[in-house]
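For the numbers below, each heavy atom of this structure counts, side chains included, while hydrogens, waters and symmetry mates do not. Numbered from 1 within each chain, the chains take letters A, B, ... in sequence-line order.
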Number of protein chains: 2
Amino acid sequence: MTATDRRAVPGNDPAGTAKNDTVAGVVRQWRAVHPDLDTGPMEIIGRINRCAALLQQAEDAPLRRAGLSRAEFDLLGALRRTGHELTPGELARETFSSGAAVTKRLKQLTERGLVERRGDTRDRRVAHVRLTDAGRDLVDGILPEQLAYETAALSGLDTPDRGHLAALLGDLLVQLEGRLVAPRG
Amino acid sequence: MTATDRRAVPGNDPAGTAKNDTVAGVVRQWRAVHPDLDTGPMEIIGRINRCAALLQQAEDAPLRRAGLSRAEFDLLGALRRTGHELTPGELARETFSSGAAVTKRLKQLTERGLVERRGDTRDRRVAHVRLTDAGRDLVDGILPEQLAYETAALSGLDTPDRGHLAALLGDLLVQLEGRLVAPRG
DNA sequence: AGCAGGTGTTTTACTAGTGAAACACCAGAG
DNA sequence: CTCTGGTGTTTCACTAGTAAAACACCTGCT
């Protein structure tokens, strides 16, 4: 621990990636404590997690202004982008959340007049949920603002980098979805 | 809506990124409903969020086996990797969580004998938290398994792609941290 | 000394989410 | 018709997190 230099240490960075973000610091600490472990995956996964956290925080601003949580907006967005009614179960799958969570959110959104439900005529277990006009208008009003925030958040990357990043994340996501979201029979 | 093709539509993909992950489908839906909006940012941010969710889910497996939540492991990990005692406030900053959350977690981890606290001698408001031997052993036992899961999750990408992805995410993260984590005085 | 304002931590009251069980219903077998 | 097993949805009991207030203590000013 004598005279430790806080800056990047040459020769310690095989991938040539000498960032000075928070994740780089964390990885450096782990390497110092466990020099034997391969910390490579942390550089990707740690950054993905941290980027996700920061981006969500940034995006929450326009939503809070509209009195919506991210989860509520996701639900409304699913209805808006599919363009048709969805059942609670479909909404759960579409928004990657549990059925119980969807039930709760639908209750609130219905009370606020943003969605409406009707029972299925043939199968009385299932409900069909659709946006009200107010719900549709709300989503359409928020979306451009949301995208503007996102564009601003990404403005530090130039266009080719953005394309490249999207492509690499797409590759990764295909792998993850194939592996983790068990092959549907 | 007549004869809509579910596959990628040629000419609609300026970045040349014709993925078939879930995000690509979502973006396609939005484009159909709002052809005027630039959905570019979604391709990155949507994928970051989705990757983060899937990766966390995957990583939670080894943690649950050890009876820890991700948040608890983050806290223990912060103590382990810094190598010295931390105050609750420092732990909160280090793990990006609220002070109240740290208080709660410390209470549980102390009861389980994984961390210990002692009061500061000069300033009796502050506490110093350190890992017990059991805590250190637990982290050291989990970490390799955790990294193995991470390596497996990323195994779909070849080495140069991994380096490239880490670098791009690092660039993005530097931007985001500079922008969103207000310039510290 | 004594008070004012600031900081580190905990408590409080509350919210959103979870898994498991409950409920309501359908569809097929006998 | 009436079971039986399965599926869509909701309820229940509980957990983890949050923001704001409370608390405990320090520091500097007078």
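- Using a 4.0 Å heavy-atom cutoff across all strands shown, A:Glu72 reaches no nucleic acid atom at all.
- A salt bridge links B:Glu94 to B:Arg81: one of the charged nitrogens lies within less than 4.0 Å of a carboxylate oxygen.
- Counting to the nearest Å, the C1' atom of C:dA16 and the CZ atom of A:Phe96 are 20 Å from each other.
- Atom-to-atom, CZ of B:Arg64 to C1' of D:dA16 comes out at 12 Å; the value is rounded to the nearest Å.
- With rounding to whole Å, B:Glu111 atom CD is found 13 Å from D:dT15 atom P.
- No hydrogens or angles considered: a donor-acceptor pair under 3.5 Å links the side chains of B:Glu177 and A:Thr22.
- The rotation axes computed at either terminus of the helix from C:dA1-D:dT30 to C:dG30-D:dC1 lie 10° apart, taking five pairs at each end and rounding to 10 degrees.
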Nucleotide-resolved protein contact map, nucleotides 1-10 of chain D, B/S/- at heavy-atom distance under 4.0 Å: -----BBSSB
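- A straight line from NZ of A:Lys104 to C1' of C:dG19 spans 12 Å, rounded to a whole angstrom.
- No more than 12 heavy-atom neighbours from other residues, nucleotides or ligands sit within 6.0 angstrom of CZ on B:Arg64.
- Salt bridge present: B:Arg125 and B:Asp123 bring a charged side-chain N and a carboxylate O closer than 4.0 Å.
- Dashed line: the shortest gap from a side-chain N or O of B:Ser98 to OP1 or OP2 of D:dG17 is not under 4.0 Å.
- A:Leu68 has its CG atom 17 Å from the P atom of C:dT15, to the nearest Å.
- For D:dG17, the OP1/OP2 oxygens have a side-chain nitrogen or oxygen of B:Arg105 closer than 4.0 Å.
- The distance from atom CG of A:Asp74 to atom P of C:dA16 is 15 Å, rounded to the nearest whole Å.
- Taking atom CZ of residue A:Arg122 and atom C1' of nucleotide C:dA27, one finds them 15 Å apart after rounding to whole Å.
- Across B:Arg117 and B:Ala127, no two heavy atoms sit closer than the pair NH2-CB, 3.4 Å.
- Between D:dA16 and B:Gln108, a contact under 4.0 Å exists linking OP1 or OP2 to a side-chain N or O.
- For the pair A:Leu165/A:Arg162, no side-chain contact is recorded, criterion being any heavy-atom separation below 4.5 Å from C-beta on.
- Rounded to the nearest 0.5 angstrom, A:Arg93 CZ and A:Thr95 OG1 are separated by 10.5 Å.
- Using a 4.5 Å cut-off between side-chain heavy atoms of Ile, Leu, Val, Met, Phe, Trp and Tyr, with links allowed through other members, A:Val126 and A:Val102 fall into different hydrophobic clusters.
- Between A:Asp60 atom CG and C:dA16 atom C1' there is a gap of 14 Å when expressed in whole angstrom units.
- B:Val27 is not connected to B:Val33 by any chain of hydrophobic side-chain contacts under 4.5 Å among Ile, Leu, Val, Met, Phe, Trp and Tyr, and they are in different clusters.
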